[in-house]
Amino acid sequence: MGAEALAEEQLELAAAADAVLAVNPWRWPASGEPVPLLGGCFVAFAFGQAGPGHAGDGAWAAAITVFPPSGRSFHTEDEVVVAGSAGAAYVPGLLALREGPLLAAAIGALRRGPDLLLVDATGRDHPRGAGMALHLGAVLGIATIGVTRRPLLAEGPSPVQLRGASSPLLLGGLEVARWICTRSGASPVVAHAGWRTDPGTAAEIVMAASTPAARAPVPLREARRVARESRAVAEGRKRATFRA
DNA sequence: GCGACAG
DNA sequence: ATCTTGTCGC
């Protein structure tokens, strides 16, 4: 798939996301209903390539599931890493071209797919209304939210640095994401509406899946750690082979 | 021309 | 995203 095809698909996904959210929004289970499995994913790229990189860059995609979806202590249910390569260089608005296929493969390799997936990317905060977090959810049929350090296009003043504080991020007059402070004294992260989720739900999930001690939600921290661990092992092996 | 611009 | 040392704070 090329940039034009992706851009076209993103426009369709944005419309589909509105329709699905209207009739089938993700919601927290009522008491007695099964507790959802939470997922997280992350791509670590090979060392040495700063900047946007290139198609073919070495990459390790990790996907993990944690349980329960909220609380003080989480435990990892499953974790998997898929080694592969970047589909393209990074271009704002086209992140799915670079990371999408590898992330989908990693999530597909989990024994049991998550009910709710956290992705390091935006959702509705996107030039065509369909960032990679939303895209991945639509393709995999999993409710998703995005979590990033900063917005892509949306704007809004950040909240006070007190855990739980939040403020809206607007794009085209609509709220598409929310600043949310997960750790007092630390700058906030952005919780993005994704597939079957709105900004308020995204912010709730980020809070529920976060610990007061760390800025990033547990599933994303763990996925990042696991992906980097695999990269370290692979790069170490490569070096050993080279020296041998 | 220059800076901005998810990861 | 990735490259990076020490350093300040709870």
Side-chain angles (χ1 to χ4, degrees), chain A residues 3 6-7 10 13-14 17 40-63 83-104 106 117-137 144-156 158 161-163 169-171 176-195 197 199 202 206 211-217 220-221 223-232 234-235:
Chain A
L6 174 60
Q10 287 170 336
L13 287 169
C41 55
F42 183 86
V43 181
F45 291 97
F47 289 125
Q49 298 285 329
H54 306 85
D57 289 344
W60 291 262
S85 61
Y90 168 70
V91 174
L94 302 176
L95 179 61
L97 242 35
R98 180 165 173 79
E99 302 186 352
L102 208 52
L103 284 177
L117 178 68
L118 276 59
V119 185
D120 246 296
T122 71
R124 302 311 306 267
D125 173 19
H126 182 274
R128 288 165 295 280
M132 191 179 67
L134 186 156
H135 193 153
L136 222 39
T144 59
I145 66 166
V147 182
T148 63
R149 285 179 69 225
R150 56 184 190 279
L152 178 54
L153 297 175
E155 297 177 339
S158 35
Q161 295 189 357
L162 285 176
R163 176 169 162 85
L169 280 158
L170 278 53
L171 179 62
V176 294
R178 203 171 276 191
W179 284 117
I180 175 78
C181 178
T182 53
R183 178 188 181 172
S184 296
S187 45
V189 297
V190 182
H192 295 268
W195 187 245
T197 55
V206 168
T211 291
R215 206 157 84 94
L220 289 181
R221 275 212 335 269
R224 172 179 306 181
R225 187 185 62 72
V226 170
R228 288 180 169 172
E229 192 172 66
S230 287
R231 174 182 62 186
E235 301 274 73

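So that the names make sense, note that chain A is the first sequence line, chain B the second, and so on, each numbered from 1.
- Paired regions of DNA chain B, requiring three or more successive Watson-Crick or G-U pairs whose two hydrogen-bonding distances fall under 3.5 Å, are not present.
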Using a 4.0 Å heavy-atom cut-off to protein, can you give one letter per nucleotide of nucleotides 2-7 of chain B, 5' to 3': B if the base is in contact, S if only the sugar-phosphate is, - if neither? ---SBB
In 5'-to-3' order, the base (B), backbone-only (S) or no-contact (-) status of each nucleotide in nucleotides 4-10 of chain C, using a 4.0 angstrom heavy-atom cut-off, is -------
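- Residues Val91(A) and Leu97(A) have side chains not in contact (no heavy-atom distance under 4.5 Å, counting atoms from C-beta outward).
- Between the CG atom in Leu220(A) and the CD1 atom in Ile145(A) there is a gap of 7.5 Å [rounded to 0.5 Å].
- Here the NE2-OG1 distance, from His135(A) to Thr122(A), works out to 12.0 Å after rounding to the nearest 0.5 Å.
- Side chains of Trp179(A) and Val190(A) form a contact here, defined as non-hydrogen atoms less than 4.5 Å apart.
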For DNA chain C, what dot-bracket results from Watson-Crick or G-U pairs at under 3.5 Å, with [ ] for crossers and | for inter-strand partners? ..........
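- Side-chain atoms of Asp57(A) never come within 3.5 Å of backbone atoms of Ala86(A) as a donor-acceptor pair (strictly under, hydrogens ignored).
- A distance-only check finds no donor-acceptor pair linking the side chain of Arg98(A) to the backbone of Gly87(A) [under 3.5 Å].
- Within the 4.5 Å cutoff, the side chain of Val119(A) has heavy atoms near those of the Cys41(A) side chain.
- With sequence neighbours excluded, the residues satisfying side-chain contact (heavy atoms from CB on, under 4.5 Å) with Ala44(A) are Phe42(A), Ala227(A), Arg228(A), Arg231(A).
- Every pair passing side-chain hydrogen bond (donor to acceptor under 3.5 Å, both in side chains) that includes a residue from residues 182-194 of chain A is listed here, sequence neighbours excluded: Thr148(A)-His192(A), Ser187(A)-Arg215(A).
- A side-chain donor-acceptor contact under 3.5 Å links Thr144(A) to the backbone of Trp195(A).
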For Arg178(A) and Val206(A): C-alpha separation, side-chain torsions, deciding distance, then whether side chain to side chain contact (heavy atoms under 4.5 Å, CB included) applies. CA-CA 10 Å; Arg178(A) 203 171 276 191; Val206(A) 168; over 6 Å; no
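- Under the 3.5 Å distance criterion, the side-chain polar atoms of Gln10(A) are left unmatched by any main-chain donor or acceptor of Pro127(A).
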